[in-house]
**Q** 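Mind having a look at this structure? Questions to follow.
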Amino acid sequence: MSRLSQAKVPEHVAIIMDGNGRWAQGQGKARVYGHQSGAQRVRDVVEAAGKAGVKVLTLYAFSEENWRRPVDEVNALFSLLVSYLKQEIDQLHENKVRLRSIGFTDKLPDDCQEWLKLVEAKTRDNDGLQLVLALSYSGRSDLVRAMQKIAAAVQEGRLQPDAIGEQVISENLSTQGLPEPDLLIRTSGEQRLSNFLLWEMAYTEFYFTKVHWPEFSREHLTEALREYADRDRRFGAVRMDKPVC
Ligand code: FPP
C-alpha cells in the first residue's frame with residue numbers, strides 16, 4: 001500500500017462485516033461457507049490495518065440479534081471464532097496485536113470464553129494494533145447496562161446526579177478507554193448501523209461498499225482509508241481557514 005500521511009490515517013476503524021451469507025448463496029453454497037471465507041478476510045484485514053497505522057480495529061463479529069439465527073449457523077460461527085483464536089494466537093502476539101472483546105461475552109459458549117481470556121491475557125501488554133471483537137454485542141444493551149451501573153452508583157451515594165455527563169456514560173460502556181471510531185466500514189451494500197456502537201459513533205465517518213465481506217481485500221481497505229483521508233471532519237464547527245459568513 002502506498003503510504004498515506006499518518007495524520008490522515010483513522011485512529012479507530014470499526015467494521016460491519018456483512019454479506020457472508022449472500023455471497024455464499026450466490027455461489028450455490030451454504031451460508032457457513034461464506035463465514036469461513038469471511039474469517040480469512042479477518043486475518044488479512046487485521047494485518048493490513050496494523051501496517052497502515054490504524055491503532056484500533058473493532059469488528060462486529062456477532063450481535064445480540066444474531067442469537068436468533070438457526071442454531072447450526074450460530075454454532076458454526078463460534079467454532080470459527082475458536083479456530084481463529086487458536087490459529088492466530090502466536091501470529092497476533094508476534095505482530096504485537098492486543099486483543100479485547102466487548103459485548104455480553106458471558107453468553108458465549110465456554111470454549112469461546114476460555115480462548116478469548118487466554119488470547120487477551122497473552123496479548124495484554126502488546127503495544128501494536130488493538131483488535132476489538134464485538135461479540136453478543138448490542139449498542140442499546142450496552143447503554144442500558146451503563147445506565148444501570150450509573151443508577152446504582154447514585155443510589156449508593158458514590159455519584160451525584162449532576163456529576164453525570166458524557167464522560168461518565170462513556171466510562172461505563174464496554175468500550176471504556178477506547179477512542180471513538182473515526183471510520184465505519186460496512187460491506188455488502190447495506191446502509192445502516194444495526195445497533196453497533198450507537199453512542200460511540202456520534203461523529204464517525206461512514207463508508208459503505210457493495211463488496212461482500214468474503215471479497216473485501218487489503219486493497220478495498222486501502223481504498224476506504226484513502227476516501228477517509230479526503231474527508232473534511234468539522235465536528236459541528238466551521239473551518240477557520242475559510243471566510244465565515
Ligand atoms: C454478517 O454476514 C456476518 C456475521 C453475522 C458474522 C461475521 C463473522 C465472520 C466474518 C467470521 C468469524 C469471525 C472472526 C472474528 C474470526 P451475514 O451472514 O449476515 O450475511 P448476509 O447479510 O448476506 O446474510
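Residue numbers start at 1 and run along the sequence shown. Quick note: numbers below take in every heavy atom, side chains included, and nothing from hydrogens, waters or symmetry partners. Counting starts at 1 for both ligands and their atoms, in listed order.
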**Q** So for R31, does at least one of its heavy atoms come nearer than 4.0 angstrom to any atom of ligand 1?
**A**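 In this structure, R31 qualifies as a contact of ligand 1 - some heavy atom is under 4.0 Å.
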
**Q** Parallel, tilted or perpendicular, judged at 30° and 60°: which one describes the rings of F196 and Y137?
**A**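 Because their plane-to-plane angle is over 60°, the rings of F196 and Y137 count as perpendicular.
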
**Q** Could you tell me whether R98 and D125 have a side-chain N and a carboxylate O separated by less than 4.0 Å?
**A**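 Result for this pair is no, no salt bridge flagged.
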
**Q** Return the closest protein heavy atom for atom 21 (P) of ligand 1 as residue, atom name and distance.
**A**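 Of every protein heavy atom, R22 NE, 3.5 Å lies nearest to atom 21 (P) of ligand 1.
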
**Q** Who's the nearest protein heavy-atom neighbour of atom 19 (O) of ligand 1, and how far?
**A**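 Its nearest protein heavy-atom neighbour is R69 NH2, 2.7 Å.
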
**Q** Does an N or O anywhere in A39 fall below 3.5 Å from an N or O of ligand 1?
**A**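 No; every N/O pair is 3.5 Å or more apart.
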
**Q** Does E47 pair with R43 as a salt bridge, N-O distance under 4.0 Å?
**A**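 No, no charged N to carboxylate O under 4.0 Å.
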
**Q** Which heavy atom of the protein is the closest neighbour of atom 1 (C) of ligand 1, given with residue, atom name and distance?
**A**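 I find the closest protein heavy atom is M17 O, 3.2 Å.
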
**Q** Which residue, R145, K107, R69, forms the salt bridge (charged side-chain N to carboxylate O under 4.0 Å, His left out) with E64?
**A**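 Considering R145, K107, R69, a salt bridge (charged side-chain N to carboxylate O under 4.0 Å, His left out) with E64 is found only for K107.
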
**Q** Verify the ring-centre separation between W67 and F78: is it less than 6.0 angstrom?
**A**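 Here the rings of W67 and F78 have centres that are less than 6.0 Å from each other.
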
**Q** Can a salt bridge be assigned to the pair D90 and K122 using a cut-off of 4.0 Å between side-chain N and carboxylate O?
**A**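 K122 and D90: salt-bridged.
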
**Q** Short N/O distance, under 3.5 Å, between W23 and ligand 1?
**A**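 No; the residue has no nitrogen or oxygen that sits under 3.5 Å from a nitrogen or oxygen of the ligand.
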
**Q** Which atoms form the tightest heavy-atom contact between S37 and P214, and what is the distance?
**A**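 In terms of heavy atoms, the two residues are closest at CB-CB, 3.8 Å.
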
**Q** What class does the angle between the rings of F216 and W213 fall in, given that below 30° is parallel, 30 to 60° is tilted and above 60° is perpendicular?
**A**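 Answer is parallel, since the angle falls under 30°.
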
**Q** Taking atom types as modelled and ignoring hydrogens, do the side chains of S174 and D142 form a donor-acceptor contact shorter than 3.5 angstrom?
**A**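 There is such a pair (donor and acceptor under 3.5 Å, judged by atom type) between the side chains of S174 and D142.
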
**Q** Heavy-atom contacts with H35 under 4.0 Å: which atoms of ligand 1 show up? List them by number with element.
**A**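 Those atoms are 11 (C), 18 (O).
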
**Q** Where does H212 meet ligand 1, judged by heavy-atom distances below 4.0 Å: at the side chain, the backbone, both, or neither?
**A**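 No part of H212 is near ligand 1 at this cut-off.
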
**Q** Is W213 close to ligand 1, meaning an N/O of one under 3.5 Å from an N/O of the other?
**A**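 Such a contact does not occur with ligand 1.
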
**Q** Should N66 be counted as touching ligand 1, given the test is an N or O pair under 3.5 Å?
**A**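 Checking ligand 1 against N66, no N or O pair falls under 3.5 Å apart.
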
**Q** Any idea which atoms of ligand 1 are less than 4.0 Å away from a heavy-atom of L77?
**A**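 Checking each atom against L77, I get 6 (C), 8 (C).
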
**Q** May I ask you to check if ligand 1 and Y84 share an N or O to N or O distance below 3.5 Å?
**A**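 No.
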
**Q** Can you report which non-hydrogen protein atom sits closest to atom 10 (C) of ligand 1, along with the distance?
**A**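 Sorting protein heavy atoms by distance from atom 10 (C) of ligand 1 puts N20 ND2, 3.5 Å first.
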
**Q** Only heavy atoms of A61, strictly under 4.0 Å: list the atoms of ligand 1 that pass.
**A**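 Within the 4.0 Å cut-off of A61, ligand 1 contributes 6 (C), 7 (C), 8 (C).
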
